[in-house]
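The structure displayed is predicted, hence computed values, not measured ones. So you know, we letter chains A, B, ... as the sequences are listed, proteins then strands, and number each from 1.
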There are 2 protein chains.
Amino acid sequence: MNLKQFSRMLELSQTTVSRALNGYPEVSEETRRRVVDAAKRHGYRPNPSARQLATGKTGMIGYVLPTGASVDIDPHFVEFLSGLGDYARAHELDLVLSPADADDQETTYRRIVANRQVDAVYISSPQPRDRRVALLNTLGIPFLVHGRTEGFDFDYSFLDIDNEGAFREAARLLMQLGHRRIALINGDIRETFAIHRERGVRAALAEKGLVLADDTVSSAAMTEENGYRAARRLLESSAPPTAILCSSLIMSLGVVRAARELGVSIPGRLSLIAHDDVFPWLKPENFSVPLTTTRSSIRAAGARVAERLAARLANLEDGARGELWPVDLVVRGSIAGAP
Amino acid sequence: MNLKQFSRMLELSQTTVSRALNGYPEVSEETRRRVVDAAKRHGYRPNPSARQLATGKTGMIGYVLPTGASVDIDPHFVEFLSGLGDYARAHELDLVLSPADADDQETTYRRIVANRQVDAVYISSPQPRDRRVALLNTLGIPFLVHGRTEGFDFDYSFLDIDNEGAFREAARLLMQLGHRRIALINGDIRETFAIHRERGVRAALAEKGLVLADDTVSSAAMTEENGYRAARRLLESSAPPTAILCSSLIMSLGVVRAARELGVSIPGRLSLIAHDDVFPWLKPENFSVPLTTTRSSIRAAGARVAERLAARLANLEDGARGELWPVDLVVRGSIAGAP
DNA sequence: AAAATCAGCCAAAGCGCTTTGGAAGTCTCC
DNA sequence: GGAGACTTCCAAAGCGCTTTGGCTGATTTT
């Protein structure tokens with residue numbers, strides 16, 4: 001059933017029916033009710049392609065998915081998606097994933113903007129001077145960044161967690177426990193979140209006149225294996241750290257494995273704090289030694305991103321606005337006084 | 001730039017330009033070349049909404065994403081997505097994720113079909129008599145199932161791995177090593193893959209006249225915690241198994257933790273085989289005792305699904321066809337002769 | 001009582017593409 | 001050399017919606 005048939009059935013013009021359905025004021029309340037009721041009863045729904053062609057709006061939000069043989073999508077992504085979807089479904093907001101060559105995402109961004117395939121875009125895992133952010137800013141499509149950039153001279157909307165504050169607090173706590181040799185096993189240092197975390201640790205150490213030596217910092221993709229390697233290197237060095245801050249729960253699996261292999265007890269000889277994005281399938285309290293964590297639900301972030309994007313599309317949210325979430329520090333058994 | 005302007009520029013009719021671009025035969029090779037060249041040079045691309053309205057084709061494939069506060073998206077999903085995207089990007093195939101209430105996906109499926117929002121749909125984690133499969137079959141939209149159903153009297157396209165064969169072989173291997181009390185820690189038994197795996201184990205045991213006792217089988221969502229719980233229960237029973245088959249690497253993290261807590265050595269007192277979907281961030285060879293696994297890359301499956309879907313849309317693949325992939329058995333240190 | 005206003009509705013013109021049903025022009029063949 | 005058969009291109013009619021501009025009759029203002 002299309003608008004023509006439907007309006008003929010109601011003995012109204014297409015104009016009136018369309019306006020009634022879209023909430024325009026030029027139609028009487030009675031007529032509107034009649035139209036809305038009939039639409040529901042007969043299951044009439046405007047054809048999205050046609051509406052899209054006429055208005056340019058699609059009701060979809062876009063995400064460019066970097067792919068490639070050697071590109072791994074972060075497992076955090078599904079959790080984020082869970083939250084996003086959970087909110088979006090109530091608004092019939094669909095998400096379009098446009099796969100792109102990880103080394104040339106610009107082409108894809110240009111395509112989806114030129115084609116008007118989506119009304120807004122979200123970006124994740126930004127780098128300080130992220131090219132995608134700069135690009136979207138010039139292309140003029142609404143977008144929302146999960147994370148932050150640094151050093152751009154324009155404003156944009158973002159949602160980020162206070163990575164710096166979280167790791168500063170975590171480092172402070174370790175120092176209160178007497179730790180002086182603190183190491184950081186970080187994610188990919190090209191990404192802003194990792195930079196912020198390192199900055200937080202440095203700031204805390206600086207308060208006590210300490211510095212984070214280069215050989216006590218490592219950064220790599222957040223896999224179990226990389227966590228293991230970094231921990232081994234640290235623990236086998238001439239002056240091993242007494243505490244490790246770790247950017248991910250998955251990496252800390254590897255840290256624990258390394259410690260066990262080397263007979264380093266946690267928290268006896270090594271204190272460990274990890275960042276927890278809250279996975280349903282791997283919980284810090286279930287580590288052999290329950291893990292102290294900085295915690296922030298990435299799922300909640302996904303829901304909030306969807307909420308703000310929806311508000312943006314409804315013109316309820318205007319312009320650029322940053323939003324910074326505090327991070328919990330949850331103390332469990334993996335930390336103790338310095339040996 | 002739209003078709004009207006573009007065709008005026010070329011001094012050709014819109015018809016001819018459209019046909020040239022879409023590969024119709026009624027246009028001379030020379031004209032076609034001229035049109036295609038000019039399109040590339042001037043960056044002309046047909047507006048997808050308009051094309052969509054005219055043809056009904058969208059060039060997108062759909063996936064209904066079950067969401068809800070208590071619904072967790074499987075972390076395997078991103079790996080699948082990696083593969084799917086890696087293939088799809090070369091074809092400019094986009095993926096539309098339509099979030100739905102996990103308890104009422106039908107509404108969403110009906111919507112995306114009625115709205116013609118996507119050209120084809122794929123389904124994952126099917127149950128034996130999956131309602132989604134039955135629904136899509138009657139709705140008549142092309143679809144591809146990753147996994148299989150059981151007991152339907154119609155054919156459809158699917159891609160599945162030989163879960164039964166994999167677990168049969170794994171169980172056989174354990175029995176060759178002398179194991180008689182073998183337990184299975186499975187995923188959600190409502191899903192076909194889990195049923196097939198259990199069936200495989202039972203078949204192998206039956207060959208030796210053994211049966212899989214009810215209390216040696218457990219099934220639950222594949223989390224570390226559920227793996228731990230199941231393993232504890234098994235290992236603390238009056239007649240603990242000497243070998244465990246486990247449906248997921250994540251669960252087997254929990255199994256290893258339970259074994260360690262109880263002082264049960266692997267493979268000394270317990271042999272362990274897990275199924276590995278191949279994650280970049282957690283590898284069986286990096287377990288404290290390297291894990292013997294049944295292995296099948298879920299990423300490769302994603303790529304193949306995209307490939308077949310693309311073929312379907314191009315009318316190269318016709319009708320229903322099932323595809324069953326063999327599963328590797330990779331032997332590592334976690335198995336040994338029965339104690 | 002005439003003029004001005006306004007609420008409520010409508011016809012028709014897009015949006016940018018594909019596709020139908022020709023119409024020229026070019027070849028072929030008897 | 002003219003009829004038929006191709007080849008190559010075109011004008012115009014959709015696809016199903018939104019939106020502009022205008023029209024009618026009722027209400028308010030002067």
Taking only side-chain nitrogens and oxygens of A:Tyr44, does any of them come within less than 4.0 Å of OP1 or OP2 of D:dC17? yes
Can you tell me which nucleotide in D:dC10, D:dT18, C:dC9 comes closest to the side chain of A:Ser28? C:dC9
For B:Ser18, answer base if it contacts any base atom (sugar-phosphate contacts may also be present), sugar-phosphate if it contacts only those atoms, and nothing otherwise; contact means non-hydrogen atoms under 4.0 Å. base
Can you check the B:Leu21 CG to C:dG16 P distance for me, whole Å? 16 Å
How long is the line joining NZ of B:Lys57 and C1' of D:dC15, in whole Å? 15 Å
Is the distance from OP1 or OP2 of D:dC10 to the nearest side-chain N or O of B:Ser13 less than 4.0 Å? yes
Answer yes if the ring centres of B:Tyr63 and B:Phe80 are under 6.0 angstrom apart, and no otherwise. no
Side chain of A:Thr16 only, please: which of C:dC17, C:dG16, C:dC9 is the nearest? C:dC9
Trace of the salt bridge (Lys or Arg N to Asp or Glu O under 4.0 Å) decision for B:Arg45 with B:Glu92: CA-CA 13 Å; B:Arg45 307 201 56 171; B:Glu92 288 195 4; 2.9 Å; yes
B:Arg116 atom CZ is separated from D:dC17 atom P, nearest whole Å, by 12 Å
Could you check whether any side-chain N or O of A:Asn115 sits under 3.5 Å from a backbone N or O of A:Gln117, counting only pairs where one atom can act as donor and the other as acceptor? no
Kindly assign one of parallel, tilted or perpendicular to the pair A:Tyr87 and A:His91, based on the angle between their ring planes and the thresholds 30° and 60°. parallel
Atom CZ of B:Arg51 to atom P of C:dT18: distance rounded to whole Å? 5 Å
On DNA chain D, does the nearest nucleotide to B:Arg19 precede the nearest nucleotide to A:Ala54 from the 5' side, or the other way round? Give the residue. B:Arg19
Whole-Å distance, A:Glu29 CD to C:dG8 P, equals 9 Å
Does a nitrogen or oxygen in the side chain of A:Thr55 sit under 4.0 Å from OP1 or OP2 of D:dT19? no
base_contact_polar (D:dT18 base, A:Thr15 side chain, donor-acceptor, <3.5 Å): no
Residue-phosphate contact under 4.0 Å: B:Asn47 side-chain N/O, C:dG16 OP1/OP2: no
Please confirm whether the shortest side-chain N or O distance from A:Asn2 to OP1 or OP2 of D:dC15 is below 4.0 Å. no
Applying a 4.0 Å non-hydrogen cut-off, can you work out what A:Tyr24 is touching in the nucleic acid: base, sugar-phosphate, or nothing? sugar-phosphate
In whole angstrom, what separates A:Lys4's NZ from D:dC15's C1'? 11 Å
Expressed as a whole number of angstroms, how long is the span from A:Leu3:CG to C:dA13:C1'? 15 Å
Using a strict threshold of under 4.0 Å (side-chain N to carboxylate O), is an ion pair present between A:Arg34 and A:Glu30? no
Counting any heavy atom closer than 4.0 Å, what does B:Thr31 reach on the DNA or RNA strands: base, sugar-phosphate only, or nothing? sugar-phosphate
Using whole Å, report how far CZ of A:Arg8 lies from P of C:dC9. 19 Å
